[in-house]
There are 2 protein chains.
Amino acid sequence: MSHCYCILLRKASRRVTTLYDEALAPIGVNLAQFSLLRNIQRAEPISLTDLGQRTELDRSTVSRNVKILEKMELVAMTNGQDQRETAVELSDKGRRVLKDGASLWDGVQTQIEAKLGNEASAQLTALLQAL
Amino acid sequence: MSHCYCILLRKASRRVTTLYDEALAPIGVNLAQFSLLRNIQRAEPISLTDLGQRTELDRSTVSRNVKILEKMELVAMTNGQDQRETAVELSDKGRRVLKDGASLWDGVQTQIEAKLGNEASAQLTALLQAL
DNA sequence: CGATATTGCGTGTATATACACGCTTTATGT
DNA sequence: ACATAAAGCGTGTATATACACGCAATATCG
């Protein structure tokens, strides 16, 4: 009656997301937002379309998620060279959140590696990337 | 700069969910709905609270997802012995969807195992359960 | 038996996510 | 240059998901 890979993935995803969300709570963002901020940082200023490709998210999803970060004053929207293009960049507050969150994020990474062991952690990474 | 386990999980989860959703499209339900139907089948009639525990989902989430299945006429709500309790059970249409979907689901399972190999598939299962 | 705690639900609110449309703004091709 | 295609976005709609509240029904305790 083998297990459904998709359900296993979704359950693990929910559980692990909760772990990260709780760890990041002190800085007021959840894992998805923290990750989005990091992706912005790596390429700012960046258009929403590019951000979508980097994160493997639909552009409309990115658009809405970024809007929330903007309301939280963690990012700012600027004009790209193009009149169509909207570019996103971090605010000082956003940079601080990334800085303060780094150790919190690292703590969960370490916690997971401690639970699984180094070898299994590497296997997990490889398997998830292969999917 | 190791990868974020959570993001790897979430990305894999989205990708794999898409695989299953596309495969199940002919029967008109997505993976989450198909899985919920299966969980109902295994214990019907079942209360929403119990269904939540089985699926590791919040009760309110189950409540809303079941409501959609009800609108699709795949399940029916009945009274538990208790006046508070609502029990869910499959409709004939719901049973047919499960029956027709079995081979579609199986196809994706096989496809994933073919891609990863048997050993890696077993490893993946074990790792996801350990998280 | 009456007060209190527990159980079971639904709803409000909020984020994450995708797809389909439709509107601008550029780019292209003849 | 003009018509057409392509790029970049926002919004509407829908599902998945969680948490906080509050209501009704049942169980418990003194």
Side-chain angles (χ1 to χ4, degrees), chain A residues 6-7 9-22 24-25 28-37 39 45-72 74 77-88, chain B residues 6-7 9-22 24-25 28-37 39 45-72 74 77-88:
Chain A
C6 195
I7 289 300
L9 270 168
R10 291 166 70 93
K11 282 186 182 176
S13 190
R14 292 197 297 266
R15 283 193 299 260
V16 172
T17 295
T18 300
L19 274 185
Y20 284 82
D21 283 354
E22 286 171 351
L24 295 178
V29 296
N30 61 29
L31 185 277
Q33 295 167 338
F34 186 69
S35 172
L36 189 52
L37 285 174
N39 275 287
I46 184 175
S47 73
L48 298 178
T49 297
D50 289 347
L51 199 47
Q53 295 194 304
R54 274 173 174 272
T55 55
E56 290 183 38
L57 289 169
D58 190 86
R59 185 183 41 67
S60 68
T61 298
V62 170
S63 176
R64 286 176 166 116
N65 292 359
V66 163
K67 188 171 294 181
I68 294 171
L69 293 180
E70 191 188 8
K71 193 182 301 176
M72 297 169 84
L74 300 178
M77 312 298 274
T78 63
N79 294 326
Q81 309 187 328
D82 228 293
Q83 272 321 90
R84 330 168 249 195
E85 192 178 306
T86 307
V88 192
Chain B
C6 195
I7 288 299
L9 270 167
R10 290 167 70 94
K11 281 186 181 176
S13 190
R14 291 199 296 266
R15 284 193 298 260
V16 172
T17 295
T18 300
L19 275 185
Y20 283 82
D21 284 354
E22 286 171 352
L24 295 177
V29 296
N30 61 29
L31 184 278
Q33 295 166 340
F34 186 70
S35 171
L36 189 51
L37 285 173
N39 275 287
I46 183 174
S47 73
L48 297 178
T49 297
D50 288 348
L51 199 47
Q53 295 195 304
R54 273 174 174 271
T55 55
E56 290 185 37
L57 289 170
D58 190 88
R59 186 184 40 67
S60 69
T61 298
V62 170
S63 175
R64 286 177 165 116
N65 292 358
V66 163
K67 188 172 294 181
I68 293 172
L69 294 180
E70 191 189 10
K71 192 182 300 176
M72 298 169 84
L74 300 177
M77 312 298 275
T78 62
N79 294 326
Q81 308 188 325
D82 227 293
Q83 272 321 90
R84 326 168 251 193
E85 192 178 307
T86 308
V88 192

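Labels below follow one simple rule: chain letters A, B, ... track the order of the sequence lines, proteins then strands, and each chain is numbered from 1.
Residues A/Leu9 and B/Leu9 come closest through the heavy atom pair CD2-CD2, 4.1 Å.
Look at CD1 on B/Ile7: it is 11 Å from P on C/dA16, rounded to the nearest Å. Between the P atom of D/dT15 and the CZ atom of A/Arg14 lies a distance of 18 Å, rounded to the nearest Å. Separating the CG atom of B/Leu24 from the P atom of D/dT15 is a distance of 16 Å, rounded to the nearest angstrom. Per the geometry, CD1 belonging to A/Ile68 stands 16 Å off P belonging to C/dT13, to the nearest Å. In this structure, A/Gln33 places its CD atom 10 Å from P of C/dT17, rounding to the nearest Å. One can place CG of B/Asn30 at 9 Å from P of D/dT17, the figure rounded to the nearest angstrom. In this structure, B/Leu57 places its CG atom 13 Å from C1' of D/dT15, rounding to the nearest Å. Protein atom NZ of B/Lys71 is 10 Å distant from nucleotide atom C1' of D/dA14, rounded to whole Å.
At least one side-chain nitrogen or oxygen of B/Lys67 sits closer than 4.0 Å to the OP1 or OP2 atom of C/dT11. Using a 4.0 Å cut-off, no side-chain N or O of B/Ser47 falls inside it from OP1 or OP2 of C/dG8. Considering only side-chain N and O atoms, B/Asn65 lies under 4.0 angstrom from the phosphate OP1 or OP2 of D/dT17.
Partners of B/Asn39 according to the side-chain contact (heavy atoms from CB on, under 4.5 Å) rule, which considers only residues two or more places apart in sequence or in another chain, are B/Ser35, B/Arg42, B/Leu51, B/Arg54, B/Thr55. B/Thr78 is linked by a side-chain contact (heavy atoms from CB on, under 4.5 Å) to B/Ala87, B/Glu89, counting only residues two or more places apart in sequence or in another chain. For B/Glu85, the side-chain contact (heavy atoms from CB on, under 4.5 Å) test picks out B/Ser47, B/Asp82, with sequence neighbours left out. Under the side-chain contact (heavy atoms from CB on, under 4.5 Å) criterion, A/Arg15 pairs with A/Lys11, A/Ala12, B/Glu56, not counting sequence neighbours.
Listed by first and then second residue, the side-chain hydrogen bond (donor to acceptor under 3.5 Å, both in side chains) pairs involving residues 59-68 of chain B are B/Asp58-B/Ser60 (not counting sequence neighbours).
Side-chain proximity of B/Thr49 to D/dT17, C/dG10, C/dG8: nearest is C/dG8. Comparing atom distances between the A/Gln83 side chain and each of D/dC9, D/dT26, C/dT26 picks out C/dT26 as nearest. Taking the side chain of B/Arg10 as heavy atoms from C-beta on, and the options C/dT17, C/dC9, D/dT11, the nearest nucleotide is C/dT17.
Under 3.5 Å, the side chain of B/Arg84 and the base of D/dA24 form no donor-acceptor pair of N or O atoms.
Here the side chain of A/Asp21 pairs no donor or acceptor atom with the backbone of A/Asn30 at under 3.5 angstrom.
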Just the table, please: protein N/O against nucleotides 19-21 of chain D N/O, every pair under 3.5 Å.
residue : atom : partner : partner atom : Å
D/dC19  : N4   : B/Ser60 : OG           : 2.5

